[in-house]
Amino acid sequence: MTTTLVRCADGDHTVELRDRERVAERLLKASARKSYDPEVDVDWSAPFDPELFYLPPEAVSLYETPLWDRMTHEERVELSRHELVSMLSFGIWSEIMLMKGLLGHVYRADPTTRHVAYALTETADECRHSTMFGRFIGKTGLRPYRMAWPEFQIGKLAGLVDPPMAMFAAVLLVEEVTDAVQRVAMSDDRVQPLVRTISRIHVTEEARHISYAREELKRQVARTPRPLRRVQASGIAGVGIRMAPRLTRPAVYAAVGLDPRMAYRTAKSSPHRQATLRWAFRRATGFLTEIGIIEGPSARIWRRTGMLSTTDSPAPAPNGLPHRQHPTQRMDEAE
Ligand SMILES: [Fe+2]
Ligand SMILES: [Fe+2]
């Protein structure tokens with residue numbers, strides 16, 4: 001283990017760097033011990049239960065809004081189905097970006113090293129995840145929610161020009177946020193068993209990806225000159241801000257007969273939704289702050305959006321998600 005100093009607006013941060021090959025060796029062993037093949041490890045023939053949610057209700061964007069209060073149970077389930085399909089569609093797009101980024105990273109590196117072997121192993125994991133999510137979406141009978149035109153076009157460039165620091169920071173944001181929601185979904189018996197199964201598979205394999213991204217990110221921060229780091233850090237703040245409407249596309253609301261614009265505005269201004277997003281982002285934003293990616297100009301962007309965790313977060317529900325407005329209890333007290 002070595003340490004390095006990262007200079008930030010709020011002072012110097014000491015960042016610990018582990019041996020890259022040893023980290024990769026550990027992750028390769030863990031991958032060999034526990035990996036899934038969703039084609040054979042998932043019972044795709046089991047029918048959906050019309051009574052059960054597709055996401056924990058607290059994670060549905062309209063939860064605790066007047067619109068939610070007026071919806072029937074069937075409409076709430078239907079909205080959760082569309083919101084999950086929207087999230088998984090975004091998940092597939094992000095995984096394709098990551099696979100292209102990892103392959104771009106590997107293309108320039110030595111294939112005899114263990115960290116390149118791990119990057120290839122992770123690419124194989126993501127291939128299986130996208131296959132699994134695609135099959136799940138197909139089983140719901142819904143169409144995937146496609147990315148909007150700008151992201152679709154920008155995505156074509158992934159793997160060609162992406163600087164590693166920005167790539168791993170964006171990956172970490174997506175992986176940590178997805179992980180937060182899937183961890184509560186996988187142990188919630190109000191959620192469809194098939195959703196719980198695919199969430200469990202994804203959480204297990206993503207834990208290794210998160211470790212890898214964190215280690216690579218620390219290394220990239222240490223070697224990126226401060227002005228360049230700040231430019232990329234502001235770009236990452238932009239990714240964070242745009243993520244929420246990409247995860248839950250406004251078109252999902254039309255599925256339950258709501259006006260998409262009005263419902264989107266309701267979700268956006270909902271204190272519960274804002275608390276849920278802060279909760280889902282908390283591990284990523286905490287780590288990015290620790291290693292000097294959220295500081296100075298990028299911290300100002302993050303703060304303006306209200307996405308950084310604060311001490312007045314609402315109390316969590318039993319499954320860990322924020323529940324009701326309660327000014328004195330912090331979200332992380334329940335962890
Ligand atoms: Fe994945
Ligand atoms: Fe991943």
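Just the heavy atoms: all of them, side chains too, but no hydrogens, waters or symmetry mates, feed the values below. Just so you know, ligand 1 is whichever comes first in the structure, and atom 1 is the first atom listed for that ligand. The structure displayed is predicted, hence computed values, not measured ones.
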- Message: Need the atom name: nearest N/O/S atom of His209 to the Fe ion (ligand 2).
- Response: ND1
- Item | OE2 (Glu206) to the Fe ion (ligand 2) to OE2 (Glu175) angle, given to the nearest 10 degrees | 140°
- If you check every N/O/S atom of His202, which is the one nearest the Fe ion (ligand 1)? NE2
- Message: How large, to 10°, is the angle at the Fe ion (ligand 1) when you draw lines to OE1 on Glu126 and to OE2 on Glu95?
- Response: 80°
- Answer yes or no: is there an ion pair linking Glu205 with Arg128, defined by an N-O contact shorter than 4.0 Å? yes
- Task: Classify the angle between the aromatic ring planes of Phe53 and Trp68 as parallel (below 30°), tilted (30 to 60°) or perpendicular (above 60°).
- Result: parallel
- Message: Does either side chain, that of His82 or that of Tyr145, offer a donor lying less than 3.5 Å from an acceptor on the other one?
- Response: yes
- Message: Quick check on the Fe ion (ligand 2): does His129 put an N/O/S atom closer than 2.8 Å to it?
- Response: no
- Message: Return the CZ to CH2 distance between Phe133 and Trp93, rounded to the nearest 0.5 Å.
- Response: 15.5 Å
- Message: Within this structure, what is the CE-SG distance for the pair Met99 and Cys127, rounded to the nearest 0.5 Å?
- Response: 4.5 Å
